[in-house]
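Numbering of residues begins at 1 and proceeds along the displayed sequence. Side-chain atoms are counted along with the backbone in the values below, which use heavy atoms only and exclude waters and symmetry mates.
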Amino acid sequence: SAGASELLINPFARSSGWADVSLGGARGSDAFFVNIAGLAFVKKTDIKFVNTQWLVGAGIQINSVTFAQRVSDNGVLGVAISAFNYGEWEVTTAAQPDGTSGVISPRAMTINIAYAQKFTESIYGGVNIKAYNSSISNMKTTGLCFDAGIQYIPENNDDWKFGITLKNIGPALKYTGDGSSIILPVPTNGVGYQQAFDSKSAAFELPTQLAIGLSYDISLSEGHRLTPAGAFTSNSFEKDIFQIGAEYGFREVFMLRAGYKIAASSDDNLESALTGLTAGFTAQLPLNKESGSFLGLDYSYRTTNPFDGVHSVGISLGF
């Protein structure tokens with residue numbers, strides 16, 4: 001069985017706007033999800049706040065904050081936290097199907113600690129260690145896993161960008177807590193009584209992914225750029241996915257994106273509410289041209305069926 005599906009959700013607006021296809025070109029905080037090697041391109045400091053309205057109509061929110069800091073000429077250290085809020089609903093039981101006056105509020109969280117480095121003018125790599133926690137009122141699980149990624153940019157033609165990443169590698173997890181106990185009657189010759197017995201929780205595997213992608217920057221005219229990209233993601237528990245996307249950039253001040261995810265299987269059975277089409281944009285205001293500092297606004301939309309899509313809005317600050 002599989003679990004920890006939150007590890008498969010991209011909470012960042014920039015990369016999700018073109019279907020997570022930028023494995024070779026991911027830069028800054030978005031690299032925490034797409035390809036951790038891209039964290040090595042942070043110039044000095046990168047800070048990002050993102051809010052995602054997941055499956056609008058379901059009442060699910062994802063809030064993320066990231067901080068990345070260059071610690072040497074070639075190395076960048078980063079931290080990212082994503083908190084999943086599933087809302088609240090009333091507790092019911094078989095004996096009280098109309099409610100017990102109590103509420104349940106599931107939560108999940110991922111904490112990332114990553115390091116990325118420039119090894120040569122062409123090769124960049126990184127490792128991301130994740131702590132995953134999921135809980136409800138009387139059950140919880142906690143575990144560790146890691147990502148590793150590489151980006152390659154040819155020295156003689158830096159328009160080409162290649163990336164490969166392996167994500168969510170770690171041991172199986174299981175839930176623990178009072179929710180696994182069962183109260184049963186104990187047979188006796190005299191007065192009977194009840195006792196709580198622990199029911200063992202089955203372990204579940206983490207959703208491991210292997211992804212590979214390629215992009216190419218096309219200079220249309222002075223200040224105008226078009227970047228088509230393609231990727232393939234092999235999933236351990238879901239269907240494998242082909243991804244295509246494109247990004248248009250004007251002087252790196254305004255970027256417009258679109259993408260599509262296509263299941264590699266011909267099976268028509270849906271395994272996700274996401275229908276494949278994505279779009280988004282970035283408006284980036286330079287604060288200091290000499291230092292390269294900027295303030296950016298990111299937005300992405302992912303189509304779904306059912307529900308009313310996924311909206312992500314982020315604010316980024318780099319200097």
Test side-chain contact (heavy atoms from CB on, under 4.5 Å) applied to Tyr132 and Leu173, step by step: CA-CA 10 Å; Tyr132 171 77; Leu173 305 180; 4.0 Å; yes
[X] to [Y] - nearest heavy-atom pair and separation:
X      : Y      : answer
Leu206 : Cys145 : CD1-CB, 3.5 Å
Gly75  : Tyr115 : CA-OH, 3.4 Å
Ala2   : Phe204 : C-CB, 4.0 Å
Thr304 : Gly309 : OG1-N, 2.9 Å
Phe307 : Ala58  : CE2-CB, 3.7 Å
Tyr152 : Ile123 : CD1-CG1, 3.9 Å

Whether His224 and Phe250 hold their rings parallel, tilted or perpendicular, with breakpoints at 30° and 60°: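 His224 and Phe250: tilted rings.
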Taking everything shown except [X] itself, do over 12 heavy atoms lie less than 6.0 Å from its [atom1]?
X      : atom1 : answer
Ile129 : CD1   : no
Phe254 : CZ    : yes
Ile315 : CD1   : no
Asn157 : CG    : yes
Ile113 : CD1   : no

Is there a donor-acceptor contact under 3.5 Å from the side chain of [X] to the main chain of [Y]?
X      : Y      : value
Asp240 : Asn235 : yes
Ser293 : Asn288 : yes
Thr141 : Lys174 : yes
Gln53  : His311 : no
Ser22  : Gly25  : no
Thr52  : Trp54  : no
Arg257 : Trp18  : no
Thr165 : Ala148 : yes
Arg107 : Asn133 : no
Ser122 : Ile153 : yes

Thr303/Thr275 under side chain to side chain donor-acceptor pair (under 3.5 Å): CA gap, chis, key distance, verdict: CA-CA 6 Å; Thr303 58; Thr275 57; 2.5 Å; yes
Matching residue for Ser15 among Thr278, Asn10, Asp298, Asp20 - test: side-chain hydrogen bond (donor to acceptor under 3.5 Å, both in side chains):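 Going through the options one by one, the only one that passes is Asn10.
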Residue that, paired with Lys130, satisfies side-chain hydrogen bond (donor to acceptor under 3.5 Å, both in side chains) out of Asp147, Asn112, Thr110: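 For Lys130, the side-chain hydrogen bond (donor to acceptor under 3.5 Å, both in side chains) check succeeds only for Asp147.
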Please determine whether residues [X] and [Y] belong to a single hydrophobic cluster, defined as Ile, Leu, Val, Met, Phe, Trp and Tyr linked transitively by side-chain heavy-atom distances below 4.5 Å.
X     : Y      : value
Ile47 : Leu77  : no
Leu8  : Leu23  : no
Val50 : Leu39  : yes
Ile9  : Leu274 : yes

side-chain contact (heavy atoms from CB on, under 4.5 Å) assessment of Ile262 paired with Tyr260: CA-CA 7 Å; Ile262 307 167; Tyr260 196 82; 3.3 Å; yes
Ring center gap for Phe12 and Phe33 short of 6.0 angstrom: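 No; Phe33 has its ring centre 6.0 Å or more from that of Phe12.
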Between Tyr124 and Phe41, ring centroids under 6.0 Å: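 Distance test on ring centres: under 6.0 Å, yes.
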Let me confirm one number: the [atom1]-[atom2] distance from [X] to [Y], rounded to the nearest 0.5 Å.
X      : Y      : atom1 : atom2 : result
Thr227 : Tyr216 : OG1   : OH    : 10.0 Å
Leu285 : Leu287 : CG    : CG    : 5.5 Å
Asn168 : Glu6   : CG    : CD    : 11.0 Å
Phe281 : Met255 : CZ    : CE    : 11.0 Å
Glu247 : Ser215 : CD    : OG    : 9.0 Å

Asp46/Arg27 ion pair, N-O < 4.0 Å: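 Salt bridge between Asp46 and Arg27, a charged N being under 4.0 Å from a carboxylate O: no.
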Short N-O contact, Asp73 and Lys118, less than 4.0 angstrom: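 A salt bridge is absent here (no side-chain N lies under 4.0 Å from a carboxylate O).
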side-chain contact (heavy atoms from CB on, under 4.5 Å) evaluation trace for Asp217 with Leu226: CA-CA 6 Å; Asp217 294 337; Leu226 179 65; over 6 Å; no
Criterion side chain to side chain donor-acceptor pair (under 3.5 Å) on Ser236 and Gln209, from CA distance to verdict: CA-CA 6 Å; Ser236 56; Gln209 286 185 322; over 6 Å; no
Derivation of the side chain to side chain donor-acceptor pair (under 3.5 Å) call for Tyr175 and Ser134: CA-CA 9 Å; Tyr175 280 87; Ser134 177; 3.1 Å; yes
Any side-chain donor near an acceptor of the partner, Ser16 and Arg14, under 3.5 Å: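 Ser16 vs Arg14: no donor-acceptor pair found between side chains.
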Verdict with supporting geometry, Ile150 and Asn35, side-chain contact (heavy atoms from CB on, under 4.5 Å): CA-CA 7 Å; Ile150 294 175; Asn35 186 345; 5.9 Å; no
Stepwise side chain to side chain donor-acceptor pair (under 3.5 Å) test for Arg302 and Ser312: CA-CA 9 Å; Arg302 285 165 271 185; Ser312 296; 2.9 Å; yes
